[in-house]
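One structure below.
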Number of protein chains: 2
Amino acid sequence: MQECASSKVKTATLGAFRSLLGAHARLLWQLDLELNESHGLSFADFEVLLHLYATEGGELRLSELAELALVSRSALSRRIDSLVGQGWVSRRSCPTDRRGTFAVLTDIGRLKVDESVVTHDAVLTRMLSKRLGDEDLGTLQKMLDEVVDRQ
Amino acid sequence: MQECASSKVKTATLGAFRSLLGAHARLLWQLDLELNESHGLSFADFEVLLHLYATEGGELRLSELAELALVSRSALSRRIDSLVGQGWVSRRSCPTDRRGTFAVLTDIGRLKVDESVVTHDAVLTRMLSKRLGDEDLGTLQKMLDEVVDRQ
DNA sequence: ACGAAATAATTGCGGGTGCAACCAAATATG
DNA sequence: CATATTTGGTTGCACCCGCAATTATTTCGT
């Protein structure tokens, strides 16, 4: 009759969770480091710029952008303030919904992504592609999506 | 001759990375939410307490604890301040190295973990065990560890 | 069509974080 | 043995974040 209160979850569950935390921390730390020292850009800033870059017309509603970047609307609002200040993004009010605002990637912003995406891709290639084959990456993605899907 | 500058990384790599960000955000958000509303505890606080709880004697050097909790030493130092203030942890100076300090889980702190670990485990079980079998969790862990291992 | 409820974005606020600087103590170097 | 270097921990600083409240606008319900 042991107490054994240390954890009721199966060790496989806890182990996978800890590894997820570790991999996330390591990847983000490395991305933030290299983006900062090579381009003076935080990963959070890069993330926002990349989502705009990858979108038809280079513009997105702020609420959509917040959802894509996995941050709150307030955080995104201030991030856009900062990116506007740097000249990489501009705001455009939505013509069909006067509450709404688009974030628009400027030409200078596009150039910034062109140069910094190289660093971004290099880190991901080095830390993911080089260590896990394409097939593994596919199953990894599928498993992780299971955690998010259906609520 | 297209520009195709949107991203040079293989889509499998970027996809897995995005899924990692998503799963991490979702898990942390849920854990933080439920730990807070059930026990008034942030995930960051719980994390620190759990590492102490899982250790022989319930004490760890601050530097070790920072490494385990994946935060900077300064962040951990302030976190311990807070946990000491709540009575869940106490500091003990290391007898063999007068620079060092142990964080020690108090009896009250142990009780706090006893009750809150239930919520923690429930979330992990619901979001991981119920959606991925033990075998999948094992391969998931192995893959994620590849990202961290060797530097 | 009109008031109620929902939605988009912003802002104040409290709080958390990492970096760099700092001090104290231990260890390495000559 | 003296001194330089490294290591453990704390603090000042600047910054970033989410929550809740606010304002403006749109949509829903009847």
Side-chain angles (χ1 to χ4, degrees), chain A residues 21 24-37 40-49 52 59-86 89-104, chain B residues 21 24-37 40-49 52 59-86 89-104:
Chain A
L21 293 182
H24 177 269
R26 186 77 181 80
L27 271 167
L28 268 287
W29 183 83
Q30 194 70 32
L31 278 167
D32 215 57
L33 181 76
E34 300 199 17
L35 283 172
N36 250 301
E37 66 186 19
L41 211 55
S42 69
F43 175 71
D45 280 339
F46 175 81
E47 178 86 339
V48 169
L49 294 178
L52 291 173
E59 65 177 32
L60 278 168
R61 288 290 291 271
L62 297 196
S63 53
E64 284 184 85
L65 199 42
E67 203 164 340
L68 287 171
L70 303 171
V71 294
S72 70
R73 291 187 181 184
S74 59
L76 185 83
S77 182
R78 280 182 264 255
R79 189 148 299 288
I80 297 295
D81 287 344
S82 159
L83 294 174
V84 168
Q86 309 251 15
V89 169
S90 65
R91 281 187 166 87
R92 186 172 76 85
S93 53
C94 174
T96 72
D97 183 342
R98 295 199 301 175
R99 295 168 301 180
T101 306
F102 286 100
V104 190
Chain B
L21 294 181
H24 177 269
R26 185 78 181 79
L27 272 167
L28 269 286
W29 183 83
Q30 193 72 31
L31 278 167
D32 214 56
L33 180 77
E34 300 199 17
L35 283 171
N36 251 301
E37 67 186 18
L41 210 56
S42 69
F43 174 71
D45 280 339
F46 175 80
E47 177 86 340
V48 169
L49 294 178
L52 291 174
E59 65 177 31
L60 278 167
R61 288 291 291 271
L62 297 196
S63 53
E64 284 184 85
L65 198 42
E67 203 164 340
L68 287 171
L70 303 171
V71 295
S72 69
R73 291 187 181 183
S74 59
L76 184 84
S77 183
R78 280 183 266 254
R79 189 147 300 287
I80 295 295
D81 287 344
S82 160
L83 294 173
V84 169
Q86 309 250 18
V89 169
S90 64
R91 281 187 167 88
R92 186 172 76 84
S93 53
C94 176
T96 72
D97 183 342
R98 295 200 298 175
R99 294 168 303 178
T101 306
F102 286 99
V104 190

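Protein chains get the first letters and strands the later ones, always in sequence-line order, with residue 1 at the start of each.
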Could you state the [atom1]-[atom2] distance from [X] to [N], rounded to the nearest angstrom?
{"X": "A:Leu28", "N": "C:dG18", "atom1": "CG", "atom2": "C1'", "answer": "14 Å"}
{"X": "B:Arg79", "N": "D:dT11", "atom1": "CZ", "atom2": "P", "answer": "16 Å"}
{"X": "B:Glu37", "N": "D:dC19", "atom1": "CD", "atom2": "C1'", "answer": "14 Å"}
{"X": "A:Leu70", "N": "D:dC17", "atom1": "CG", "atom2": "C1'", "answer": "14 Å"}
{"X": "A:Asn36", "N": "D:dA14", "atom1": "CG", "atom2": "P", "answer": "17 Å"}
{"X": "B:Leu41", "N": "C:dG15", "atom1": "CG", "atom2": "P", "answer": "16 Å"}
{"X": "B:Leu33", "N": "D:dC17", "atom1": "CG", "atom2": "P", "answer": "20 Å"}
{"X": "A:Leu83", "N": "D:dC16", "atom1": "CG", "atom2": "P", "answer": "10 Å"}

Margin query: Below the 4.0 Å mark, does D:dG9 have OP1 or OP2 next to a side-chain nitrogen or oxygen of B:Arg98?
Written below: no
Next item on the list: Under the side chain to side chain donor-acceptor pair (under 3.5 Å) rule, collect the residues that match up with A:Ser90, sequence neighbours excluded.
Entry: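 If we apply the side chain to side chain donor-acceptor pair (under 3.5 Å) test to A:Ser90, skipping adjacent residues, there are no hits.
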Note to self: Treating primed atoms plus P, OP1 and OP2 as sugar-phosphate and everything else as base, which nucleotides of nucleotides 7-14 of chain C get B, S or - for protein heavy atoms under 4.0 Å?
What the structure shows: BBSBBBB-
Note to self: Name the residue from A:Leu33, A:Leu27, A:Asp32 that meets the side-chain contact (heavy atoms from CB on, under 4.5 Å) definition with A:Trp29.
What the structure shows: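 Answer after filtering A:Leu33, A:Leu27, A:Asp32: A:Leu33.
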Next item on the list: Apply the side-chain contact (heavy atoms from CB on, under 4.5 Å) test between A:Val89 and each candidate in A:Asp81, A:Asp45, A:Leu83; give the one that qualifies.
Entry: A:Leu83
Checklist line | Those residues that, when tested against A:Phe46, pass ring-ring contact (aromatic ring centres under 6.0 Å, His included) (two or more places apart) | finding: A:His120
Check: For the residue pair A:Leu52 and A:Leu65, what are the closest heavy atoms and their distance?
Finding: CD2-CD2, 3.9 Å
Item checked: Nearest atoms (heavy-atom pairs only) where B:Ala66 meets B:Ser72 -> CB-O, 4.2 Å
